[in-house]
Amino acid sequence: MRKSMDVNNINPFLQSTIKIFESVTQIKITVGKPFLAQFEFPNPVYTITVGIVGEMKGQAVLSMDVDVAKDIASKMMFGMPIEEMDDMACSALNELSNMIMGNTATIFSTQGKIIDITPPITMVGQNLKMQSDISPIAVPLLLDGKEYFTLYVCVYEV
């Protein structure tokens with residue numbers, strides 16, 4: 001049986017993603033229209049999944065094209081060219097996800113909801129399909145009006 005998610009719990013994830021991403025990369029992003037999604041990625045994709053535990057349970061997933069992942073990692077490393085997603089580039093993106101989700105936990109704590117995060121898990125591939133007991137809400141984050149990466153949130157309150 002699928003758990004239901006309170007859409008009001010999306011805002012802390014979104015606020016943190018925008019604030020931390022823009023601070024770290026100096027890239028201004030805007031929010032696209034959220035939608036109920038499936039975890040299906042037919043095209044080459046780079047995903048970072050962080051588990052949420054405590055008074056809320058579930059996952060938050062950042063997904064992006066591999067070239068976007070390289071671009072973000074390059075910006076995080078002060079413009080160093082990234083030719084492939086090596087350990088250093090992956091570590092930079094994992095740290096970005098830790099910063100975003102740590103800030104999300106802080107926002108929730110100010111609302112009286114105590115959560116913790118798990119270490120990030122990265123997947124790279126094509127034709128990926130993931131499954132969750134919670135239907136994910138996808139929020140596209142746009143650069144110049146085009147989807148740059150997507151935040152998937154699938155959490156429920158305990």
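Small disclaimer: the values here were computed from a predicted structure and weren't measured.
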Determine the minimum heavy-atom distance between [X] and [Y], stating which atoms define it.
X    : Y    : answer
S63  : T47  : CB-CG2, 3.8 Å
A138 : A37  : CB-CB, 3.7 Å
P12  : I107 : CB-CG2, 3.6 Å
I134 : V155 : CG2-N, 3.8 Å
M85  : A89  : CE-CB, 3.7 Å
A60  : M101 : CB-CE, 3.5 Å

Residues forming a salt bridge (charged side-chain N to carboxylate O under 4.0 Å, His left out) with [X], sequence neighbours excluded:
X    : result
K129 : E40
E83  : none
K75  : D71
D67  : K70

Could you work out, with side chain to side chain donor-acceptor pair (under 3.5 Å) as the rule, every residue matching [X], not counting sequence neighbours?
X    : value
E95  : none
N127 : none
N9   : K113, E157
N94  : T122

As an exercise, state the distance from [atom1] of [X] to [atom2] of [Y], rounded to the nearest 0.5 Å.
X    : Y    : atom1 : atom2 : answer
S23  : I18  : OG    : CD1   : 13.0 Å
S97  : I121 : OG    : CD1   : 10.5 Å
Q15  : N103 : CD    : CG    : 9.0 Å
E22  : T17  : CD    : OG1   : 10.5 Å
T104 : I10  : OG1   : CD1   : 10.5 Å

Can you establish whether the number of heavy atoms outside [X] located under 6.0 Å from its atom [atom1] is more than 12?
X   : atom1 : result
I27 : CD1   : yes
M88 : CE    : no
D86 : CG    : yes
K57 : NZ    : yes

Exercise for the section: Could you list all the ring-ring contact (aromatic ring centres under 6.0 Å, His included) pairs where at least one residue sits in residues 126-147, not counting sequence neighbours? Expected result: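 Qualifying pairs, neighbours excluded: none.
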Problem - Nonpolar side-chain network containing M123, other nodes, edges under 4.5 Å - result: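 Besides M123, the cluster holds F39, F41, V45, V61, L128, M130, Y152.
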Problem - Cluster companions of I114 among Ile, Leu, Val, Met, Phe, Trp, Tyr (side-chain spacing under 4.5 Å) - result: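 Grouped by the 4.5 Å side-chain rule, I114 forms a cluster of one, so the answer is none.
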Practice task
Taking the side chain as every heavy atom from C-beta outward, state whether V66 and V124 have any pair of such atoms under 4.5 Å apart.
Solution key: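 The answer is yes; the side chains approach within 4.5 Å.
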Handout entry: Heavy-atom side-chain contact between N98 and I117 under 4.5 Å
Key =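 Contact flag for N98/I117 side chains = yes.
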Practice task
Go through L62 and I100 one step at a time and tell me if the side chain to side chain contact (heavy atoms under 4.5 Å, CB included) criterion holds.
Solution key: CA-CA 10 Å; L62 293 173; I100 290 169; 4.1 Å; yes
ILVMFWY cluster, [X] and [Y] together (side-chain gap under 4.5 Å):
X    : Y    : answer
V139 : V68  : yes
L142 : I72  : no
V31  : I137 : yes
M64  : L143 : yes

Practice task
Report the C-alpha distance between Y148 and L141 in whole Å, list the side-chain angles of each, state the deciding distance to 0.1 Å, and finish with yes or no for side chain to side chain contact (heavy atoms under 4.5 Å, CB included).
Solution key: CA-CA 6 Å; Y148 193 59; L141 294 150; 5.6 Å; no
Handout entry: Pairing residues for F21 by the ring pair (Phe, Tyr, Trp, His ring centres under 6.0 Å) criterion, not counting sequence neighbours
Key =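 Ring pair (Phe, Tyr, Trp, His ring centres under 6.0 Å) check on F21 returns F149.
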Practice task
Taking S109 for its side chain and T106 for its backbone only, find out whether a donor-acceptor pair lies under 3.5 Å.
Solution key: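 Checked: pair present.
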